[in-house]
Amino acid sequence: MGTTGSTQDKILLERLRDALLSKDRQSVAEVKHIVESKEELSKRINPIITAHMKELEENFPAPYIEVVQKIVDQRMRQKQDELINILYPRLGLLIRKYINNEFRLLRERLDQVLKESYSYLRFWKRKTADEIIIDLRPSIVEEVYIISHESGLLLGSASSTETADKDMIAGMLTAIKAFVEDAFKRTDEELRGIQYGNYEIMVHNFFNYYIALAIAGTISEQERDELAEKILAFAARELNHDLQQPEPAFYAHMQKELDAYFIKPYKALPQ
Amino acid sequence: MISKKVVITGHFGVGKTSLFNRFITNTFNEKYLTTIGVRVDKKSVIVNGEEISLIIWDLAGEVSQEKVPRSYFLGASAIIYVFDLSRPATFSRLEDDLVYINSVLPNVLIRKVGNKKDLVSDQTLKDIRAQTQPHFFTSARTGENVEELFEGIARKLLRPFSNPE
Ligand SMILES: Nc1nc2c(ncn2[C@@H]2O[C@H](COP(=O)(O)OP(=O)(O)OP(=O)(O)O)[C@@H](O)[C@H]2O)c(=O)[nH]1
Ligand SMILES: [Mg+2]
């Protein structure tokens with residue numbers, strides 16, 4: 001047949017192929033289009049991914065949850081003291097603010113009631129009892145201590161006068177506190193202060209330490225409130241980290257800060 | 001300087017306060033003045049050129065350690081359990097007491113001390129040693145082994161892993 005025959009064969013073969021494969025060729029072209037066009041591809045794949053994500057969200061595999069929880073638990077435990085030391089003063093501040101606010105409201109209401117009932121009392125004394133007390137006797141913060149709850153070991157201190165051994169005072173104070181708290185079997189109540197004669201020790205408890213102020217002289221409710229707020233602010237700023245094993249430099253730093261916060265501002269005026 | 005809390009405990013009248021006084025002020029009193037609550041004092045000790053401050057809590061005696069307020073033990077680095085060599089009743093509960101202390105303070109350094117050594121014979125000492133396996137026999141009266149007791153504790157607290165007990 002020669003060349004012509006072979007050409008004819010070729011054409012025939014081509015037609016046959018067209019006839020047989022046309023459908024397939026069309027699908028191949030379609031697939032190629034889908035794969036090569038980003039838009040088309042995402043149109044098809046996105047619903048699948050979304051479905052998977054949803055399934056994962058709904059049935060997050062229990063073993064994963066366990067692992068994640070364990071990690072979180074561990075981290076929390078490691079950082080527990082630190083976290084609580086950060087949170088404690090802040091919570092205290094919040095609660096104080098709330099209570100103060102409620103008190104202010106109450107006082108305003110009381111004032112209102114009083115004014116209404118005793119409107120004939122023209123000469124309402126302007127000076128409060130608090131103010132009179134302050135006028136009479138200036139109070140001084142003589143000493144301030146930061147003491148570890150359990151061991152009674154001193155974490156920091158400052159004082160306006162040379163005093164007896166501070167480690168001993170910290171230990172005794174902790175022992176007395178422990179004794180009182182134990183004697184009354186009040187796990188949720190803590191010693192807030194000790195008074196004797198003209199002297200007072202104000203105690204403010206935090207998570208694993210407490211702050212004690214030794215005050216000479218009479219202190220008004222307002223001053224007491226101010227001091228309490230100052231203690232909270234101090235703790236939030238200076239004691240928001242792990243206090244288990246303080247560096248030697250920590251004591252010197254504490255002394256400086258305690259002095260600036262509590263001793264200097266409360267020096268008695270010369271009489 | 002580092003500070004550590006050391007607690008002295010045991011039955012009443014065994015000589016806790018006497019050991020405390022002997023160590024801190026090097027004095028001894030024949031009179032018995034029972035301790036009420038706790039007394040805290042401190043003394044610094046130098047071991048191999050390193051200084052450590054021992055904050056010592058001298059507790060009131062109790063017939064059983066479970067009667068001691070738990071919080072007195074908390075945060076302690078060492079416990080000195082004192083008994084009176086001349087009064088067997090003061091070491092009859094020794095093991096129970098130590099188990100209890102260990103439950104409050106796991107891994108705390110404990111020193112069992114038989115005091116008033118000057119009052120008993122060598123034979124009695126031998127018998128009691130076998131029975132109680134103490135770390136020290138002391139006499140607050142003569143001062144025997146008192147420094148050794150406290151210095152040993154200081155050394156152990158400064159270098160917990162140095163020499164085996
Ligand atoms: N002979 C002798 N007497 C001692 C010794 N140690 C203490 N005493 C005497 O034993 C009595 C009780 O001693 P304290 O040191 O008060 O005993 P304590 O264990 O502190 O007693 P409480 O505080 O009541 O628990 C006192 O009369 C002491 O003089 C000692 O080593 N030898
Ligand atoms: Mg005593």
Side-chain angles (χ1 to χ4, degrees), chain A residues 81 85 143 145-157 163-191 194 196 201 203 205-210 212 242-255, chain B residues 1-9 16-17 20-21 23-25 34-45 50-62 64-80 101 104-109 153-154 157-158 160:
Chain A
D81 280 11
N85 275 340
E143 285 163 67
Y145 300 92
I146 308 168
I147 302 168
S148 161
H149 258 313
E150 293 195 339
S151 61
L153 296 179
L154 202 57
L155 295 169
S157 70
T163 44
D165 191 281
K166 295 195 159 99
D167 292 307
M168 226 172 92
I169 293 176
M172 277 312 282
L173 195 55
T174 308
I176 292 166
K177 222 167 102 43
F179 177 77
V180 172
E181 285 162 11
D182 191 86
F184 298 104
K185 293 271 180 263
R186 288 261 181 90
T187 43
D188 51 340
E189 299 255 342
E190 289 165 317
L191 184 73
I194 298 168
Y196 52 102
I201 297 173
V203 173
N205 293 297
F206 293 89
F207 177 59
N208 47 23
Y209 60 91
Y210 65 97
D242 190 15
L243 298 168
Q244 293 303 68
Q245 227 100 60
E247 300 284 314
F250 178 80
Y251 298 98
H253 175 70
M254 274 301 109
Q255 187 179 0
Chain B
M1 188 196 349
I2 64 166
S3 305
K4 297 282 182 187
K5 173 175 172 181
V6 177
V7 172
I8 310 180
T9 193
K16 298 180 294 296
T17 302
F20 177 90
N21 287 339
F23 177 59
I24 289 173
T25 57
T34 189
T35 306
I36 295 164
V38 192
R39 239 183 80 201
V40 181
D41 212 326
K42 75 159 179 185
K43 184 164 174 172
S44 46
V45 178
E50 212 172 333
E51 196 173 6
I52 179 174
S53 183
L54 299 181
I55 314 290
I56 304 171
W57 290 44
D58 168 29
L59 306 192
E62 289 289 354
S64 151
Q65 289 301 297
E66 288 175 37
K67 294 204 169 135
V68 176
R70 249 177 87 88
S71 41
Y72 288 176
F73 289 124
L74 298 182
S77 299
I79 305 283
I80 302 175
I101 291 170
V104 178
L105 289 170
N107 306 322
V108 72
L109 177 69
I153 288 171
L157 294 182
L158 276 172

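This one's a predicted model, so the numbers in the text were calculated from it and none came from an experiment. Throughout, protein chains are lettered first and strands after them, A, B, ... in sequence-line order, and every chain is numbered starting at 1.
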If you measure from [atom1] on [X] to [atom2] on [Y], what distance do you get to the nearest 0.5 Å?
X      : Y      : atom1 : atom2 : answer
A/L153 : B/S77  : CG    : OG    : 7.0 Å
B/S53  : A/D165 : OG    : CG    : 7.5 Å
A/S151 : B/F73  : OG    : CZ    : 15.0 Å
B/S71  : A/H149 : OG    : NE2   : 11.0 Å
A/M172 : B/I55  : CE    : CD1   : 13.0 Å
B/Y72  : A/T174 : OH    : OG1   : 11.0 Å

Is the backbone of A/K166 close enough, under 3.5 Å, to the side chain of B/K42 for a donor and an acceptor to pair up by distance? no
Atom of B/V40, atom of A/G171 and distance for their closest heavy-atom approach: CG2-C, 3.7 Å
Over all atoms of both residues, closest heavy-atom pair of A/E150 and B/K5: O-NZ, 3.2 Å
